[in-house]
Protein chains: 2
Amino acid sequence: MLSKKTKYALHALTYLGKHRENKTVLIQDIAEEHGISHKFLENILLELRKAGYLGSKKGKGGGYYLIKEPKDIPLSRVIRLLDGPIALLPCVSLNYYEPCSECKNEAQCGINKVMAQVRDETLKILENKSLQDILDGE
Amino acid sequence: MLSKKTKYALHALTYLGKHRENKTVLIQDIAEEHGISHKFLENILLELRKAGYLGSKKGKGGGYYLIKEPKDIPLSRVIRLLDGPIALLPCVSLNYYEPCSECKNEAQCGINKVMAQVRDETLKILENKSLQDILDGE
DNA sequence: AATAAACCCTATAAAATAAATAGGGTTTAT
DNA sequence: ATAAACCCTATTTATTTTATAGGGTTTATT
């Protein structure tokens with residue numbers, strides 16, 4: 001399951017995607033819309049900005065706005081950013097690899113091989129769904 | 001990511017699958033092979049037995065054994081049993097449904113719709129991979 | 001120039017979950 | 001009779017997630 005962090009990030013991106021005509025959107029507006037803690041959401045938006053999905057404007061009248069096209073924000077990226085690995089095991093993660101302590105020989109581990117296949121197929125799904133698909137469903 | 005519980009379960013099933021000629025296998029043997037706590041593994045094997053994948057024999061000379069064909073033990077079942085939902089959000093889980101608190105209207109939530117698609121496609125993958133596939137890779 | 005409203009940043013606390021341990025009880029081959 | 005094995009529930013510990021705290025910095029407006 002996705003963490004609340006990732007879920008909130010998706011809600012925030014969706015909200016920003018739906019309000020692109022506005023120059024900026026306030027954290028407060030998104031937080032109120034979904035009943036999320038202002039401060040918690042603030043941290044999430046900060047991460048999204050650092051990752052290059054959002055821009056922000058400081059000072060009075062400031063706020064956040066999308067700087068990428070919704071079709072260029074795949075779910076895989078958002079999930080990796082907020083939740084970490086998409087792979088089901090650390091030993092098959094492309095971006096967060098770690099060996100499994102209980103595994104004696106990764107090279108001949110059947111679980112490793114199958115999970116690498118699962119990872120590849122799962123990635124195909126998550127790379128092909130973007131914020132645009134979410135917006136299309138609203 | 002899968003919990004250690006699920007990972008250990010997969011290792012145990014794999015071990016049992018590789019030793020089907022023996023009548024029974026000791027918890028201890030599996031635990032030692034993978035450096036897992038005996039007691040922790042015991043709980044996991046118990047769950048697998050209750051779920052109908054394993055049989056056991058009490059008393060001296062007892063132990064555990066597979067009672068299903070490896071091809072009839074899909075990853076999806078093992079994961080659901082030990083880890084819970086496969087869906088990325090509670091609001092699209094087939095077996096563990098719960099509404100999302102931050103979602104005002106599930107029926108017109110784009111995240112919900114996309115995640116339901118992701119769930120369907122992910123399930124296809126995990127239902128089509130079984131213990132047999134793991135054994136084939138060893 | 002002062003002010004208020006907004007984002008920016010780090011650290012800490014609280015809550016929930018996962019992982020492991022404890023301590024016996026029951027069954028059965030020898 | 002006994003030892004070796006599974007069976008069961010509860011508790012503790014560790015880790016991760018979630019949330020909060022407390023200010024700092026920037027900038028439009030007055």
Side-chain angles (χ1 to χ4, degrees), chain A residues 1-9 11-12 16 22-32 34-51 53-67 79 81-85 88-90 96 98 100-102, chain B residues 1-9 11-12 16 22-32 34-51 53-67 79 81-85 88-90 96 98 100-102:
Chain A
M1 302 269 276
L2 298 179
S3 66
K4 289 199 174 182
K5 229 172 161 178
T6 302
K7 246 198 317 186
Y8 293 166
H11 280 294
L16 289 164
N22 307 18
K23 269 167 296 192
T24 63
V25 170
L26 301 186
I27 293 177
Q28 194 55 36
D29 289 349
I30 305 173
E32 276 175 11
H34 296 287
I36 306 172
S37 145
H38 177 112
K39 282 289 196 177
F40 194 40
L41 184 59
E42 197 171 348
N43 284 327
I44 294 166
L45 293 176
L46 204 54
E47 284 195 72
L48 288 169
R49 183 183 63 76
K50 286 179 182 167
Y53 299 111
L54 304 183
S56 64
K57 204 173 160 220
K58 286 184 181 178
K60 192 171 180 179
Y64 283 97
Y65 50 92
L66 269 185
I67 59 176
I79 293 173
L81 180 66
L82 283 309
D83 255 17
L88 293 180
L89 297 181
Y96 301 85
E98 275 184 52
C100 288
S101 63
E102 79 285 359
Chain B
M1 302 268 276
L2 298 179
S3 67
K4 290 198 174 182
K5 229 172 162 179
T6 301
K7 248 202 307 190
Y8 294 165
H11 280 293
L16 289 164
N22 309 17
K23 269 167 294 190
T24 63
V25 169
L26 301 186
I27 293 177
Q28 194 55 38
D29 291 349
I30 304 173
E32 276 174 10
H34 295 288
I36 305 172
S37 146
H38 176 110
K39 281 290 194 178
F40 194 37
L41 184 58
E42 197 172 348
N43 284 327
I44 293 165
L45 293 177
L46 203 55
E47 283 195 72
L48 288 169
R49 183 184 63 75
K50 286 181 183 167
Y53 300 110
L54 304 184
S56 64
K57 205 174 160 217
K58 287 184 182 177
K60 193 170 178 182
Y64 281 98
Y65 50 93
L66 270 186
I67 58 175
I79 293 173
L81 180 66
L82 283 308
D83 253 19
L88 293 179
L89 297 181
Y96 302 86
E98 275 184 51
C100 288
S101 63
E102 79 283 0

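Order of the sequence lines fixes the chain letters, A, B, ..., with proteins taken first and strands second; residue numbering starts at 1 for each chain. Keep in mind that what you see is a predicted model, and the values were worked out from it rather than measured.
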Could you give the CD-to-P distance, from B:Glu47 to D:dC8, as a whole number of Å?
-> 12 Å
Scan A:Lys39 against the nucleic acid and name what it touches under 4.0 Å (heavy atoms): base, sugar-phosphate only, or nothing.
-> base
Can you check the B:Lys4 NZ to D:dT16 C1' distance for me, whole Å?
-> 13 Å
With sugar-phosphate meaning primed atoms plus P, OP1 and OP2, does B:Leu26 contact a base, only sugar-phosphate, or nothing at under 4.0 Å between heavy atoms?
-> sugar-phosphate
Rounded distance in Å - CZ (A:Arg49) to P (D:dT26) | 12 Å
Round to a whole Å and report the spacing from CG of A:Leu54 to C1' of C:dA6.
-> 16 Å
Would you mind classifying the nucleic acid contact of B:Lys7 as base, sugar-phosphate or nothing, using non-hydrogen atoms under 4.0 angstrom?
-> nothing
Using Watson-Crick geometry (N1-N3 plus N6-O4 or O6-N4) or G-U wobble (N1-O2, O6-N3), each under 3.5 Å, C:dC7 is paired with D:dG24
Here the distance between atom P of D:dC7 and atom NZ of B:Lys50, to the nearest Å, is 9 Å
Within the structure shown, what part of the strands sits under 4.0 Å from A:Glu42 by heavy-atom distance: base, sugar-phosphate, or nothing?
-> base
To the nearest angstrom, how far is A:Lys5 atom NZ from C:dA16 atom P?
-> 18 Å
Considering only heavy side-chain atoms of A:Ser56, the closest of C:dA20, D:dC6, C:dC7 is C:dC7
Which residue lies toward the 5' end of DNA chain D, B:Gly63 or A:Tyr8, if each is placed at its nearest nucleotide?
-> B:Gly63
Quick one: does A:Thr24's side chain have a donor or acceptor within less than 3.5 Å of a partner on A:Gly62's backbone?
-> yes
Considering only heavy side-chain atoms of A:Asn43, the closest of D:dT27, D:dT20, D:dC6 is D:dT20
Would you kindly compare A:Leu45 and B:Lys57 by the position of their nearest DNA chain C nucleotide and give the one closer to the 5′ end?
-> A:Leu45
Taking CG from A:Leu41 and P from D:dA21, how many angstroms apart are they, rounded to a whole number?
-> 17 Å
Closest heavy-atom pair, A:Leu54 versus A:Ile67, reported as atoms and distance to 0.1 Å, is O-CD1, 3.6 Å
For the pair made of NZ in B:Lys23 and P in C:dA29, what is the distance, rounded to whole Å?
-> 11 Å
